[in-house]
Engineer: 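Before I ask anything, here is the structure I am working with.
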Amino acid sequence: MSDAVLEVEHVSKAFPGVKALDDVSFRVNRGEVIGLIGENGAGKSTLLKILNGVYQPDAGAVKVDGRPVRLLSPRQAFDSGIAMVFQEQSVLSTLTVAENIFLGREQEFLRWGLIDKRRMNAAAAVELKKVHLDIGPATPCARLTFAERQMVEIAKALSLDSRIASDITILLDEPTSVLESREVELLFSIIRDLKARASIVFISHRLEEVLAICDRIYVMRDGKVVAEVPAAEATVHALHTHMVGRQLHHEYYREQRQSPPGDEVILRADGLGKAGAFRDVSFELRAGEVLGIAGVIGSGREELARVLAGHAAPDAGALTVHGRPVRLAGASDAVANGIGLVPAERKVEGLVAQFSVAENMTLSALGRFASRGVIRFAAERAEAARWVERLHVRTPSTAAMTGGLSGGNQQKVVLAKWRIAGVEVLILDHPTRGIDVGAKEDVYELVRDITADGLAVILLGDTLDEVIGLSSRILVMRDGAVTATFDAPAGGKPEQVRILEHMV
Amino acid sequence: MARIDLQAWLPILVLAALVAVVSLYDPGFFTIANLLEITANTMTLFLMAAGLTFVIMIGSIDLSVQSVASMASCILAVFLPTLGLAAIPLALLGGVVAGALGALISTRLRIPTFIATLAISGVVLSAGFWISNAQSIAITAEARDAWLGWVTGAFLGVPNEIWVGLVALAGLSALLQLTPFGRLIRGVGAQEQAVIASGVRVERVKLWAFVISGFMAALAGVTMAGRLGSGSPTLANEFLLPAVAAVVVGGTAITGGVGSIWRTFVGALIIQVVRIGMTFMGVSVFVQQIIFGILLIAAVAATMDRSKILVVK
Amino acid sequence: MAAQGLAGRAPRPASAMAQERRRAAAGGRLIEQWRRWAPVVVLIGLCLVIGAFNANFFSTGNLVRLLNSAAIPVVLCMGATFVILMGSIDLSVEGVVALAAVVASLLVANDVTAIAIGHLAIVPALAVGAALGFLNGWLHIRLKTPSFMTTLGMGFVGLGIATAILGGVTVRISDQSFRYLSLGRPLGVPMAVWVAALCVVVALVIQERTRFGRWVYAIGADEVTARQAGVPVERTRILAFVIAGVFAALGGVLAAAQFGQGHALIANGRLFTTIAAVIVGGTALSGGVGSVLNSVIGVFIVVVLANGMVLMGIPPYVQQGAQGLLIIAAVALALDRSKLAVVK
């Protein structure tokens, strides 16, 4: 009865502090191309990880051909007929095309214990034909273009076709982000051909493409499936509307404390560019301002933040601080120029877990707490205590190990570190990631405190809501370019849909 | 965290237990004179290991320490007659240069430290041979009395080597516990990326760690030359493994961030007592090598913080 | 109808980012070519320079000498290459060589034991190498200690066992047919060279035609992807160390045959030469790139350099220093450092 090749039924998955998937269901029928869209944090990547066997659902089931399957590893998922083609390619350059296609499954070609290359190459050639890829199976993958590598990955997925009993589903995760238009067309024609052999789930933030190739589209938001639309009846605008839709909570983001920025320009970017990431980014940052940068993965905003924090060097353009041109050859240069980064990976780049609270807080300003080569421990303790009180950091003492604090309190320690160091610009990269709701509000208060003190903030928010609610101005980036700028004064915030239009 | 507390006391308890065991076997072991002599003999190993502690605490390794010590002894022996006291700083400078080169090669060229220092150890070994013309060079008794009395004599009934060791212990401990540099050593070892992101110039921290390691290795070479009365390009052969073992057995983890000079002091004594104890108990000198190898692996495995390593290569 | 393909709309501007990423990839291809041919170029260059300095370099006698010097290092490098291709390192070479040499020397006709099993002695010697290699791999996997530490410790253990067995004595081998393994000269070429050539062929087959060989490359290039594809990572790692142990043991047997002695010192300096040769030959320390053939070239570079230094009258103790500089230069030029965010 069932035409369904792949079914996800009432799947939920929670992590400490956040419900990533909440009762998600969808189905893929034979020969269909399903689109899966949603904002950052909507739950797409968690869902993909479950289908790929990396995570297991807390509740609900995954069914292939109507039978429930337990996917405990990527290999198991693959052997069950679910093949994933990653956004970051996983083709190994030093191996040949054939070797990549059959990686881990070479026993099919063994003769007297040795791999029969001729047979493997011949088998690979068969798969390559299915994707219309005109390259020799013995070609080392280092020589292939991005598009060709993607085809190899698809060929790898298709090689399941004649080898397992069930139907195959291929999951394409943002397959077009590295492709040119010509190559996208080629990919689409291949996908249309593939419909005879496999079903496809197409995940992308490029809504026009999703509409062009998919039969049905599922929209996710906040861990739920909020809409299922046949592509024939959908428009980009309608999809946008489904993707957003939460009421903006003005108080949640302490909008009432948002003040207009001052006059003084602290930081200026002119035509900043980094090969392969972003180009021609220009803006002015004033004291007391919160500049939010909105964009999906691949928009270039994360790389922009790294460049502004000095962790990577730009290939083009200039940066000036208080009118002085600066060259940031490393994070130490950035800090010396008053720019601090509150990183997304708090435990890796934000804090030394084994250090005490006081030690972490003074890490960027050690010079000030030493005299004649020796650390002034009492002064350090006193300063740390002051900030613990001021930021309401919940810790047994300033000597407690930072690794033992909760995520929210750890983030406060990071913020204290930069306040003590006296930076003027704070770059917040996903500052509320992994923090529970109550602590998030604390962080928003702190952002208002910071700007009230005259610092400027560049914000890469976790969600579009957060960016809109906190920022006084918003830069929207897509595919490496700034596509729009919005003013977001308190009481006059732009609509999410309008911003989304420029993001995806 | 209970694990750290146990780690703090375990080495000392082990040392006490070892001394007790050997003393039971041979009561003559447990006399002041004997214990002082053993401690004095341990000092050269301790000096080398103390410098190495800084390097291991930042998660790196310095495989050149024994070649540096040998080279320093050659420099000392060769230049003592002509330069007198100045030969000592010259020998120490050799160690500093070797250490700095190892650090620079590693940080600038982004080469893992074990390769960089392995390569440097080859270069330094050749340098030692070249300086000494491939032979052992004796230090005359007058030269020794004149310039190396601070190594060979005794003060207040305690052999000078112990005083030198104690000064090193105090000085390096202060450096590690009380100065910003010392804190950064801990930080870089524990979470290097966070220290970088905090604006610290981490290459400089690494450079100084290796400079200290080279300096102390050279100091070890100088004291060894003083005690043995000669310098030679292979003087410190067989010291690398015990030096690394002393640091690790004392409780400093190679994953970095945890450690102290005191621990290395205890670790060096453990190594020495094990060595002597084994000899007392009739275990052949050759088997001792095996024991040390096993000890090294076991100590590393016990002290490592595996949560920090995603993929072990 | 919405699903009319993109032809109905204005074509999306060719993504500038895609073009830039493409340019970066093209650069990567150039680097790949350079990596493949640089060692050969260096070797030829070296030969020409030394030959210009001293024409004796090209004499038959010297060439045979070169081949002979290269034989044992080549054997050692065959095993070491697999370990380094995986991104690990094996510092225990000297210990295995010493132990295998001692074991072999005690089992053939010698002046210490009454045992004389002739060529069969090779088997226990190789078994010892395999055992030490297995311990290397197993401890590394189980204890999760980095390979450089584990193999450093095991190397000392091996050396220790070798010296312990001998108890200070040097074994003199009297079995001439055993010594033929190194000293014999079929067709005028030393037997050791033939053995080494056979090792290269075997290693090449393992590398290219066995699943293990392919998996070693996969693990070295991207362990996460390899694991996801179902490659048995732990088993492969252990096997690589076992193979390295076997090749190292074979090297020890050849050394014992060559010197006619069983003594731990036989292994001195070999670690350095082995690592230098593999790296200089173009196999990347980070793994995933290189080949046993690269290591053969690397051995010849090291051996020719040493030979050249002798021909140019440079004292022998400068060798290690020169090799050290060579390693640094080779790694610096390897151009794969971008992969390492934090170098320890």
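Here is the naming used below: chain letters follow the sequence lines, and residue numbers restart at 1 for every chain. Note that these values count all heavy atoms, side chains included, but never hydrogens, waters or copies made by symmetry.
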Engineer: Does A:D429 reach the main-chain N or O of A:L460 with its side chain, forming a donor-acceptor pair under 3.5 Å?
Structural biologist: no
Engineer: Does the pair A:E380/B:R183 count as a salt bridge with the N-to-O cut at 4.0 Å?
Structural biologist: yes
Engineer: Where on A:L363 is there a heavy atom nearer than 4.5 Å to chain B: the side chain, the backbone, both, or neither?
Structural biologist: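 Both backbone and side chain of A:L363 come within 4.5 Å of chain B.
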Engineer: Salt bridge or not for A:R419 and A:D449, using N-O below 4.0 Å?
Structural biologist: no
Engineer: Specify which of A:I375, A:V352, A:V374, A:V335 makes the most heavy-atom pairs with chain B at under 4.5 Å.
Structural biologist: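 Among the listed options, the one with the most contacts to chain B is A:I375.
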Engineer: Can you tell me which of B:V202, B:L184, B:V195, B:T179 forms the most heavy-atom pairs within a distance under 4.5 Å of chain A?
Structural biologist: B:T179
Engineer: For B:L175, is it the side chain, the backbone, both or neither that has a heavy atom under 4.5 Å from a heavy atom of chain A?
Structural biologist: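 Neither part; nothing is under 4.5 Å.
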Engineer: Give the member of B:G199, B:S198, B:A197 that has the highest number of heavy-atom pairs under 4.5 Å with chain A.
Structural biologist: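 It is B:S198.
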Engineer: Is it the side chain or the backbone of A:F369 that comes within 4.5 Å of chain B heavy atoms, both, or neither?
Structural biologist: neither
Engineer: Under 4.0 Å between a side-chain nitrogen and a carboxylate oxygen: does that hold for B:R186 and A:E359?
Structural biologist: yes
Engineer: Please check if any side-chain donor atom of B:T264 sits under 3.5 Å from a side-chain acceptor atom of B:T53, or the reverse.
Structural biologist: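 Present: a donor and an acceptor within the cut-off.
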